[in-house]
Amino acid sequence: MHFSKILLPTLREDPSEAEVISHRLMLRGGMIRKLASGIYSYLPLGLRSIRKVEGIVRQEMNRAGAQEIVMPVVQPAELWQQSGRWNFYGKELLRFKDRGARDFCLGPTHEEVITDLVKREVKSYKQLPINLYQIQTKFRDEIRPRFGLMRAREFIMKDAYSFDVNNEAAEKSYQCMHEAYCRIFERCGLQFRAVEADTGSIGGSFSHEFMVLADTGEDLLVSCGSCNYAANLEKAEIRRSKTNNPEKAGEKALEKVATPKMRTVEEVCEFMQIKPGNLVKTLIFETENGPMAALVRGDCEINEIKLKNFLKVETLGLADDQLIEKVTHAPMGFSGPINLSVPIIADHSIESMENFVTGGNEQDAHFRNTNFPRDFQPKHFADIRVAKEGDGCPRCRGELKISRGIEVGHIFKLGTKYSKSLGAYYLDEHGKERLMVMGCYGIGIGRTLAAAIEQNHDSNGIIFSLPLAPFQVLILPTNIGQENVVRVAEEIYSGLRARGIEVLLDDRKESAGIKFKDGDLIGIPIRITIGPKGLMEGLVEIKKRNETQKYSVKVEEVLGRVGEIIEKELGA
Ligand code: ATP
Ligand code: MG
């Protein structure tokens, strides 16, 4: 491709709306353009890289035995009503009516459609296992679309769905996808970790997220410094520390203290001259089973997802002022566990505490020297707080550390959630009807590309690895006014193309400086610079985008040298 012909509108300035580096570089590099919030067009350069990611994903899915299909973007409401998600999914599901006033939605994911398809077409154990996937546009009306392709509303996803005869077989399918995902992200040149994750609105029994490590990531992940335990912070478990406190001083008498207008942990601690570690926070939550109280040490936070999973409830949210007053008989900021009539779940962090401060369930009052079971009795102790740097690993004696990541892929073992609600049965070898056991597996194609750019760039622009690069080689003639420069550039161009190498030839009448700048910005891995001075000695220059070193190479040897680099790095 010639630069003068391709639609590649590079920008000098950083676009103001772009908050993260990958978004800035994809806009500046002329890869994408915004149509509306979270909705983008892919320009030729962007699309070429998107296709590279898709190609790797497709190869590995096929290699793992999955079969490619394409399902509709527009989905009828009936299927979502059958699965129960029409009401549960919330506003991310973009709904509309057709001319006959029938309800439809734009597919944010395809569990319903695939289960309906498979239940109609697959009837016997002989047809199982089966794994079907597609690479297709999804729509989710995200509350905060941002970071370009990273959190878009319209985006390309690879989604695969496996159907098995039983749990054991389903776990094999899951494992097979786990391995395929590792190969995919390795081939994309990403530094990533597979972490244990919450199953969220897709539901199901267990899941892993594939996280690309990056400081700009929206997710926090917890990993052990000593073993391979890694989990999303939402889900991360904490080792229970020793319950008996050897330094126990003995219980002191409960004492009510006036704490006028002291509501926050900081205010109470300063006023009472104690550390947050000597205070127990009481939070009131509302669930479909009624209100409840959760207790945690003052220097820790409740993890609502862990609490929700522990309680096995569908909805959980912090109580509003009115409910707090009703439950505690005090305004917000003074809740405590003593004399509460709602169930109390206490985090393990308070197990070894004694003589601690709690809210008084009365305006402007707290208690000093609270103890349990003397003053209150939790219904359960459980691991319901947010993990912190330095907490104990739940799997070994090691310590947890926290880092940021971008979730590029997510695999779920779904079990029979959808086969049950949508009626996907098969006949086993005895002619008995059984539910299929499912798994689902997603990869964000655009997000994977964005994550690769987050991990691989410098102050001049993108540094594409060969597998994801829109072009493998950039030919940069410094002066196209000179006949021999143009001729050699075109010869090398044709020679590389004849070898199946993807080449961009910068034939623009721009200055060499601008061409170098644009070349670095769009991050083509191999650059061949051709200038009049070098040509006088029959030499051109090869430079890799990820190295500073430049090599002078004889014109006749260029094709061979470039071929070698590509072969080595692509392992072709
Ligand atoms: P998140 O927690 O980031 O919203 P999710 O749990 O909703 O992700 P899944 O439903 O598991 O995501 O979707 C599978 C994959 O699709 C994700 O791992 C991610 O790579 C991609 N993806 C999800 N939402 C978006 C989005 N808004 N824009 C781009 N890619 C997305
Ligand atoms: Mg989401």
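For ligands, and for the atoms within them, numbers begin at 1 and follow the listed sequence.
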For this session: Compare M150, R146, R140 and give the one whose heavy atom is closest to atom 23 (C) of ligand 1.
Result: R140

For this session: Out of E209, H410, R153, M157, indicate the one that has the non-hydrogen atom closest to atom 13 (O) of ligand 1.
Result: M157

Judging by distance only, is a nitrogen or oxygen of [X] under 3.5 angstrom from one on ligand 1?
X    : result
V408 : yes
F155 : no
I443 : no

Exercise. Counting only N and O atoms by type, is there a donor-acceptor contact under 3.5 Å from the side chain of D347 to the main-chain atoms of I384?
Worked result: yes

Part of [X] within contact of ligand 1 (heavy atoms, under 4.0 Å):
X    : value
R151 : both
D219 : neither
E407 : both

For this session: Would you mind reporting whether Q191 and Q455 have side-chain heavy atoms less than 4.5 Å apart?
Result: yes

Problem set entry | Check: H178 ring centre within less than 6.0 Å of H208 ring centre | yes

Exercise. What do the steps show when you test R48 against E502 for salt bridge (charged side-chain N to carboxylate O under 4.0 Å, His left out), and what is the final call?
Worked result: CA-CA 11 Å; R48 290 182 76 102; E502 298 162 295; 3.5 Å; yes

Exercise. Do E17 and H23 have a side chain donor and acceptor closer than 3.5 Å?
Worked result: no

Exercise. Which pair of heavy atoms, one from I411 and one from F210, lies closest together, and at what distance?
Worked result: CD1-CE1, 3.9 Å

Exercise. Salt bridge check: are E60 and R183 linked by an N-O gap of less than 4.0 Å?
Worked result: yes

Problem set entry | Atom indices of ligand 1, in the order listed, that fall short of 4.0 Å to a heavy atom of E142 | 24 (N), 26 (C), 27 (N)

For this session: Take every heavy atom of G409, measure it against each atom of ligand 1, and state whether any distance is under 4.0 Å.
Result: yes

Exercise. Would you call D159 a ligand 1 contact, heavy-atom distance under 4.0 Å?
Worked result: no

Exercise. Can a cation-pi geometry be assigned to R95 and W86, taking NZ or CZ under 6.0 Å from the six-membered ring centre and within 45° of the ring axis?
Worked result: yes

